[in-house]
Amino acid sequence: MGKNKLKKFAEMEEMSCVFQCGARELLADSTVPAMRGEWRNRFFHNDHPLLLELGCGHGDYTVGLARVYPDTNYIGVDIKGARMWQGAKQATLEGLTNVAFLRTNIEMLPNFFAEDEVDGLWITFPDPQMKKATKRLTSTYFMERYRQLLRNNATIHLKTDSPFLYTYTREMIRLNNLPLLCDTADLYGNQKSEISSQQSETRNQKSEIRNQKLEIFEDARRLQTHYERQWLERGLTIKYLVWQLPKQGTLVEPDIEIEKDTYRSYGRNYVSKTNN
């Protein structure tokens with residue numbers, strides 16, 4: 001491990017907004033799981049809504065959300081500590097009190113959050129994991145784990161550049177009849193959304209639903225992640241889905257053929273250069 005990474009890890013140990021607990025530490029009875037069910041009381045010291053950003057990377061989106069919405073608590077989750085350091089450092093410098101970072105595996109989230117403790121999720125530009133469904137953060141495998149910590153009908157946001165992951169997630173939502181709030185294959189383009197209303201709804205109710213969904217789109221366009229800016233520079237479109245996850249019901253995993261993505265991510269040298 002490079003000296004720069006070791007330095008970042010050492011700094012993170014001193015940051016009050018950073019919690020680190022992998023599988024090995026969890027088995028050793030780490031103190032971090034003691035926060036389970038107590039994040040609002042013991043860290044945030046308020047009763048505001050709590051949202052997680054999964055695979056937060058550099059943490060710029062978590063910090064950006066915390067700036068824009070001071071009455072909401074945000075926790076960025078990732079296993080890559082050297083990346084997370086950037087967001088944690090910025091949050092510390094700005095003195096943001098509504099943001100924290102948890103360094104752990106996403107599969108382990110139920111160990112750190114109690115039932116109904118979390119109000120919603122942001123999943124921003126995850127690896128589409130085209131070879132294995134159970135590794136996809138929008139798979140039913142993960143939906144079942146999210147159910148253990150989310151309140152009923154909590155909202156999940158997905159931003160992705162991947163046509164594969166977008167198609168897969170739409171099918172997962174459709175197949176399981178999950179309430180779909182917003183859907184666009186080009187967030188910064190024509191911005192058309194899928195808006196479904198019951199026949200019994202009045203014109204005013206339909207208008208209110210449409211305005212609510214347009215508001216969600218505006219929030220999604222307001223902030224961009226580190227990788228989102230890179231994809232836009234390459235001329236790729238950003239796909240955006242928002243759905244609700246009920247507690248009840250058996251989830252069925254999609255079984256469809258989906259065309260694989262044909263482009264590749266930037267190499268590590270390019271990413272390092274843009275961070276300097």
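Computation of the quantities below employed the complete heavy-atom set of this structure, encompassing side-chain atoms and omitting hydrogens, waters and symmetry-equivalent molecules. These figures come from a predicted structure and were not determined experimentally.
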> Can you list the steps and then say if Asp119 with Arg151 is a salt bridge (charged side-chain N to carboxylate O under 4.0 Å, His left out)?
Replying inline: CA-CA 6 Å; Asp119 294 284; Arg151 60 174 174 77; 3.2 Å; yes
> Who are the ring-ring contact (aromatic ring centres under 6.0 Å, His included) partners of Phe101, not counting sequence neighbours?
Replying inline: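 With neighbours one apart ignored, the set is empty.
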Mind listing the closest non-hydrogen atom pair of [X] and [Y] along with its distance?
X: Val99; Y: Ala66; result: CB-CB, 3.8 Å
X: Pro254; Y: Glu171; result: CB-CG, 3.8 Å
X: Gly64; Y: Leu223; result: C-CD1, 3.5 Å
X: Phe43; Y: Ala100; result: CE2-CB, 3.5 Å
X: Thr250; Y: Asn176; result: O-OD1, 3.8 Å

> Taking atom NZ of Lys80 as the centre, does the number of heavy atoms from other residues, nucleotides or ligands within less than 6.0 Å exceed 12?
Replying inline: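 Counting other residues, nucleotides and ligands, NZ of Lys80 stays at 12 neighbours or fewer.
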> Is it true that Arg40 and Asp47 make a salt bridge, defined as a side-chain N closer than 4.0 Å to a carboxylate O?
Replying inline: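 Salt bridge absent between Arg40 and Asp47.
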>> Looking at Asn98, is its backbone amide N or carbonyl O close enough to the side chain of Asn73 to form a donor-acceptor pair, meaning the two atoms are under 3.5 Å apart?
In response: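 Looks like no, no N/O pair under 3.5 Å.
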> Would you say the side-chain atoms of Tyr188 and Glu228 include a donor-acceptor pair closer than 3.5 Å?
Replying inline: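 Yes - a donor-acceptor pair under 3.5 Å links their side chains.
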>> Looking only at the side chains, is there a donor atom on one of Thr237 and Lys239 sitting less than 3.5 Å from an acceptor on the other?
In response: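 Per modelled atom types, Thr237 and Lys239 side chains form a pair under 3.5 Å.
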Contacts table for residues 132-143: side-chain donor-acceptor under 3.5 angstrom, sequence neighbours left out:
{"residue": "Arg136", "atom": "NE", "partner": "Gln129", "partner atom": "O", "Å": "2.8"}
{"residue": "Arg136", "atom": "NH2", "partner": "Met130", "partner atom": "O", "Å": "3.3"}
{"residue": "Thr138", "atom": "OG1", "partner": "Thr169", "partner atom": "OG1", "Å": "2.8"}
{"residue": "Ser139", "atom": "OG", "partner": "Ala133", "partner atom": "O", "Å": "3.3"}
{"residue": "Ser139", "atom": "OG", "partner": "Arg136", "partner atom": "O", "Å": "2.8"}
{"residue": "Ser139", "atom": "OG", "partner": "Tyr141", "partner atom": "N", "Å": "3.4"}
{"residue": "Ser139", "atom": "OG", "partner": "Phe142", "partner atom": "N", "Å": "3.4"}
{"residue": "Thr140", "atom": "OG1", "partner": "Glu253", "partner atom": "OE1", "Å": "2.5"}

> So which of Asp183, Asp161, Thr160, Asp261 actually passes side-chain hydrogen bond (donor to acceptor under 3.5 Å, both in side chains) with Tyr166?
Replying inline: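 When Asp183, Asp161, Thr160, Asp261 are each tested with Tyr166, the side-chain hydrogen bond (donor to acceptor under 3.5 Å, both in side chains) holds only for Asp183.
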> So Glu11 and Lys8, salt bridge (charged side-chain N to carboxylate O under 4.0 Å, His left out) or not? Walk me through it.
Replying inline: CA-CA 5 Å; Glu11 284 188 35; Lys8 289 178 178 179; over 6 Å; no
> salt bridge (charged side-chain N to carboxylate O under 4.0 Å, His left out): which pairs involve residues 50-79, sequence neighbours left out?
Replying inline: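 Pairs touching residues 50-79 that pass the test: Asp60-Arg229, Arg67-Glu94.
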> Got Phe125 and Tyr61 here, is their nearest side-chain heavy-atom distance under 4.5 Å?
Replying inline: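 Result no, sub-4.5 Å side-chain heavy-atom pair not found.
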>> Using the rule that Ile, Leu, Val, Met, Phe, Trp and Tyr join whenever any side-chain heavy atoms are under 4.5 Å apart, tell me whether Leu96 and Leu93 fall into a single cluster.
In response: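 No: no chain of side-chain contacts under 4.5 Å links Leu96 to Leu93.
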